[in-house]
**Student:** 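To start, I am sharing the structure in question, which I have written as structure tokens.
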Amino acid sequence: MDIIQAAKKRKSIRGYKPDPVPKEVLEQILELASHAPSAMNTQPWEFTVLAGAVLENVRQGNVDLLNSGVPPSPDHVVTSWPKESIYRQRQVDLAKQLFQLMDIPREDKEKRAKWMERGFRYFDAPAAIILSTDRCLSESGPLLDIGAVIQTICLGALHFGLGSCIEDQGTMYPQVLRKHAHIPESKRIIAAIAIGYPDWDFPANKVESEREPIKNVATWLGFD
Ligand SMILES: Cc1cc2nc3c(=O)[nH]c(=O)nc-3n(C[C@H](O)[C@H](O)[C@H](O)COP(=O)(O)O)c2cc1C
């Protein structure tokens, strides 16, 4: 798959086949991703790759806390969007599309809660990659580098027929990851990636997230 196809084909996958992903495949994806750029080649990323019983324990731990009403306490700052902004509008548009595909009426609190749970369960993917960084680094410094490595993971996954979903939801309860995945307090948990073979019959996988035309977001100077 060439680079243009890959960038266009990558999308968030929120429903997976149960087939396990071989460890060797995940290793190859991480090796590829480690070629991502980082400031002064600092490579501030660490990967904790979960599958099997450990991943099940993490899923259960997340869902238990979510359903007990325990407030999320992520290690990283989670973005919020001003109410009247285009950013909030885009979030609403995405949610509307997903809820429509999943047949979740706005007023159906139970179905909405079940949908929310899926994110905390890494969308039942057979594997999840947790990205963390050392706390000796500044809070925002490594984020650009980790963003680059994340995108490279998601693109590399396509080469192996895998889908992925980057998620904040999977990092909302660091205490669960520390307990079951043994991520120490000295590491700041930044993001999670659900990864596995896409179930193309799963309705939410048909989502087509929109993009702003480049003419609206690019300023061109000195071209004529
Ligand atoms: C930093 C980050 C956090 C995200 N967190 C979530 C999440 O918690 N749950 C989710 O369903 N999708 C999450 N996403 C996926 C975005 O919703 C998705 O990338 C966006 O809607 C664009 O759609 P696409 O990935 O299909 O192109 C996240 C993406 C990023 C980059």
Side-chain angles (χ1 to χ4, degrees), residues 1 3-16 33 36 44-45 47 50 58-59 62-63 65-66 71-81 85-102 104 111-125 127-133 139-158 162-174 176-177 188-196 198-200 202-214 217:
M1 186 180 300
I3 198 166
I4 292 179
Q5 260 186 312
K8 289 195 168 176
K9 197 175 165 196
R10 187 217 54 82
K11 67 186 294 192
S12 294
I13 296 299
R14 298 182 175 89
Y16 294 87
W45 44 69
F47 311 110
L50 309 177
V58 172
R59 291 194 227 276
N62 281 346
V63 169
L65 293 190
L66 179 69
S73 53
D75 284 353
H76 60 288
V77 177
V78 177
T79 323
S80 64
W81 304 276
S85 69
I86 181 69
Y87 311 107
R88 169 83 180 141
Q89 189 53 50
R90 288 178 186 145
Q91 185 205 4
V92 169
D93 291 346
L94 175 73
K96 273 188 189 160
Q97 213 192 128
L98 285 169
F99 284 180
Q100 197 170 15
L101 285 164
M102 294 303 298
I104 303 173
K111 272 190 170 179
R112 285 173 70 128
K114 285 279 164 219
W115 174 252
M116 166 92 96
E117 261 187 26
R118 283 187 68 78
F120 285 77
R121 290 204 317 264
Y122 308 91
F123 302 103
D124 293 334
I129 302 171
I130 311 301
L131 290 107
S132 57
T133 191
E139 196 160 339
S140 59
L143 296 184
L144 289 179
D145 311 319
I146 290 179
V149 90
I150 285 177
Q151 170 75 340
T152 314
I153 290 173
C154 296
L155 295 178
L158 297 175
L162 293 162
S164 61
C165 186
I166 305 158
E167 23 161 348
D168 272 336
Q169 283 172 305
T171 63
M172 287 294 133
Y173 295 117
V176 172
L177 288 162
R188 194 188 307 285
I189 297 167
I190 305 293
I193 306 177
I195 187 162
D199 173 358
W200 291 113
F202 188 76
N205 288 344
K206 297 192 170 51
V207 71
E208 291 295 344
S209 59
E210 290 180 7
R211 294 297 188 271
E212 194 70 25
I214 291 304
V217 291

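These numbers come from a predicted model, not from an experiment. Counting starts at 1 for both ligands and their atoms, in listed order.
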**Student:** Once rounded to the nearest 0.5 Å, what's the spacing between atom OG of Ser80 and atom OH of Tyr87?
**Tutor:**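 It comes to 13.0 Å.
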**Student:** Answer yes or no: does an N/O atom from Ser12 fall short of 3.5 Å to an N/O atom of ligand 1?
**Tutor:**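 Yes, Ser12 has an N/O under 3.5 Å of an N/O on ligand 1.
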**Student:** Quick test: of every protein heavy atom, which one is nearest to atom 12 (N) of ligand 1, and how far off is it to 0.1 Å?
**Tutor:**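 It is Arg14 NH2, 3.2 Å.
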**Student:** Run the side chain to side chain contact (heavy atoms under 4.5 Å, CB included) test on Leu143 and Ile190 for me, step by step, so that the C-alpha distance in whole Å, both residues' side-chain angles and the decisive distance to 0.1 Å come before the verdict.
**Tutor:** CA-CA 8 Å; Leu143 296 184; Ile190 305 293; 3.7 Å; yes
**Student:** Kindly check if the number of other-residue, nucleotide or ligand heavy atoms within 6.0 Å of CD (Gln100) is above 12?
**Tutor:**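 Not more than 12 within 6.0 Å, no.
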**Student:** Measuring from the heavy atoms of Glu208, does anything fall under 4.0 Å of ligand 1?
**Tutor:**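 Checking ligand 1 against Glu208, which is what was asked, there is no heavy-atom contact under 4.0 Å.
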**Student:** Dump the intermediate steps for side chain to side chain contact (heavy atoms under 4.5 Å, CB included) on Gln97 and Glu208, then the final yes or no.
**Tutor:** CA-CA 8 Å; Gln97 213 192 128; Glu208 291 295 344; 4.2 Å; yes
**Student:** Is there any N or O on Arg10 that sits under 3.5 Å from an N or O of ligand 1?
**Tutor:**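 By distance alone, the answer is yes.
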**Student:** Please indicate whether Lys206 has more than 12 foreign heavy atoms, meaning atoms of other residues, nucleotides or ligands, lying under 6.0 Å from its NZ.
**Tutor:**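 Yes, because the 6.0 Å sphere around NZ of Lys206 holds more than 12 heavy atoms from other groups.
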**Student:** Tell me whether Arg211 reaches ligand 1 (any heavy atom closer than 4.0 angstrom to a ligand atom).
**Tutor:**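 The answer is yes: ligand 1 sits under 4.0 Å from a heavy atom of Arg211.
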**Student:** Can you tell me the protein heavy atom closest to atom 22 (C) of ligand 1 and the distance?
**Tutor:**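 The closest heavy atom on the protein side is Ser209 OG, 3.6 Å.
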**Student:** Under a 4.0 angstrom heavy-atom cut-off, which atoms of ligand 1 come close to Leu94?
**Tutor:**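 Under 4.0 Å from Leu94, ligand 1 has these atoms: 17 (O), 21 (O).
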**Student:** Cys165 heavy atoms, cut-off 4.0 Å: which ligand 1 atoms fall inside?
**Tutor:**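 Counting atoms of ligand 1 from 1, those under 4.0 Å from Cys165 are 12 (N).
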**Student:** Tell me which protein heavy atom sits closest to atom 9 (N) of ligand 1, plus the residue, atom name and distance to 0.1 Å.
**Tutor:**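 Heavy-atom neighbour on the protein nearest atom 9 (N) of ligand 1: Gln169 OE1, 2.9 Å.
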**Student:** Heavy atoms only: give me the nearest Met102-Pro203 pair and the separation to one decimal.
**Tutor:**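 Looks like SD-CB, 3.9 Å.
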**Student:** Which atoms of ligand 1 have any heavy atom of Glu167 under 4.0 Å away?
**Tutor:**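 Every atom of ligand 1 under 4.0 Å from some heavy atom of Glu167: 4 (C), 5 (N), 6 (C), 7 (C), 8 (O).
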**Student:** Please classify the Tyr122 to ligand 1 contact at 4.0 Å (heavy-atom distances, strictly less than): side chain, backbone, both or neither.
**Tutor:**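 No part of Tyr122 is near ligand 1 at this cut-off.
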**Student:** Where is the nearest protein heavy atom to atom 5 (N) of ligand 1: which residue, which atom, and how far?
**Tutor:**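 Result for atom 5 (N) of ligand 1: Asp168 N, 3.0 Å.
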**Student:** Could you pull out the closest heavy-atom pair between Cys165 and Tyr16, with the gap in Å?
**Tutor:**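 So the two residues come closest at N-OH, 3.3 Å.
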**Student:** For atom 2 (C) of ligand 1, what is the closest protein heavy atom, and at what distance to 0.1 Å?
**Tutor:**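 Ranking protein heavy atoms by distance from atom 2 (C) of ligand 1, first comes Ile166 CG2, 3.8 Å.
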**Student:** After noting the C-alpha distance and the side-chain angles of Trp45 and Val149, does the key distance pass the side chain to side chain contact (heavy atoms under 4.5 Å, CB included) rule?
**Tutor:** CA-CA 8 Å; Trp45 44 69; Val149 90; 3.7 Å; yes
**Student:** For atom 20 (C) of ligand 1, is the nearest protein heavy atom under 4.0 Å away?
**Tutor:**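 Within 4.0 Å: no protein heavy atom nearby.
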**Student:** So Tyr173 and Phe120, would you call those rings parallel, tilted or perpendicular, with 30° and 60° as cut-offs?
**Tutor:**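 Because their plane-to-plane angle lies in the 30° to 60° range, the rings of Tyr173 and Phe120 count as tilted.
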